[in-house]
Amino acid sequence: MDKIRNLINITDLTVEEINLLIETADDIEANPEKYRDVCAHKKLATLFFEPSTRTRLSFEAAMLELGGSVLGFSDAGSSSSTKGESVRDTIRIVGNYADIIAMRHPREGAPIAAAQKTVVPIINAGDGGHFHPTQTLTDLLTISRKKGRLDDLTVGLCGDLKFGRTVHSLVDAMLRYENVRFVLISPDELKMPEYVKDKMNAAGAKWTEVEGLEEAIPDLDILYMTRIQKERFDSAEEYERLKDSYVLDTEKLKPAKSDMIVLHPLPRVNEISVEVDDDPRACYFYQALCGKHIRMALILYLLNLIPKAGAGSASGGGSPETNAAVLRDDICCANPKCITSTEQELKHLFRLTDEKRGIYRCVYCDGEHVEEK
Ligand code: CP
């Protein structure tokens, strides 16, 4: 029997697998009739403990267009999590009712906890401010279709880089392509987390950090705008102060390259002025369509309905106990947004990520612990 493959982090997929998903998504777009019934009698469960328009509906549309059916909930309030049921128990139950699960959860690392008990493939549809791998597949498909390549690119990431799960996953993905440079554009309070910068440094990537969008824009091949996310702030005052840090308008686009593309995972609030929608470089609505095509390809792949490419990490995350020899269980995660802070039965586990600096990271949320020397 094939081992269950999950998608928790984008690095659970090899570059070969991502390329296969992109090729399949292109074939789905060109030949939709070929795929009309391939998921007949298969069920997708969408478990959304946090709001969503694009991710949930594109997953559901993807399964319906493949001939399968969908079940699930779009609001944690209508699930038994309100009665105190753990993520791991929920997943164990839903595995009886569905062939594949897409789950969004506000707690960072929740999909790793879920994957420990799943009997069907589980897809991380966003965990708090941590990761959003299927948005990244969407972004890669859009870039591939619009730029014709995934290497030799200067990528500007702009806005909330601290809590922006889409940019964390996009960096993870693009680090594996040749000659990709990153320009990190954010206010000081919303800078890219250290654990992401550590990965960029370890990969030898070129990156710079600036506050002004205007100074960065002329060099970019891709401008990836993000929303300042009200729901991630502890302080309403801080949100009010930072919410309009960046507003892309036609004036600001003037010095940009004529073939630069503007991406945004959406929803937007006012970080992209509506006048930009008519600019041929604006690709964010097209990006949402790409999301349906790539999620169709991903469902087929995880259900073993298309041939395998070079396989990625063992089970696609979710089994920290299997590497217990290299993990420490005597450190408590201090991140209040980590799944371990609400689900008491989960063992706190840390892995050593930087021996020289004594840095350990939580296996669930990447929260940092520095060992005093
Ligand atoms: N891009 C994205 O995740 O959008 P939703 O929150 O609407 O799913």
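Just so we're clear, the structure is a prediction, and the values are computed from it rather than from any experiment. Both counts, for ligands and for their atoms, begin at 1 and track the order of listing. What's counted below: heavy atoms across the whole structure, side chains too, no hydrogens, waters or symmetry copies.
Each of R165, R104, H168 was compared with H132 under the side chain to side chain donor-acceptor pair (under 3.5 Å) criterion, and only R104 meets it.
The ring pair (Phe, Tyr, Trp, His ring centres under 6.0 Å) contacts involving residues 52-102 comprise F49-F73, where partners must be two or more places apart or lie in separate chains. The ring pair (Phe, Tyr, Trp, His ring centres under 6.0 Å) contacts involving residues 236-281 comprise F233-Y239, where partners must be two or more places apart or lie in separate chains.
Checking Y364 against N335 by side-chain atom types alone, no donor-acceptor pair falls below 3.5 Å.
In this structure, R328 forms a cation-pi arrangement with Y360, its terminal cationic atom sitting closer than 6.0 Å to the ring centre and no more than 45° off the ring axis.
K146 meets the side-chain hydrogen bond (donor to acceptor under 3.5 Å, both in side chains) test with no other residue; sequence neighbours excluded.
The contact shell of ligand 1, taken as protein residues with any non-hydrogen atom closer than 4.0 angstrom, comprises S52, T53, R54, T55, R104, H132, Q135, P265, L266.
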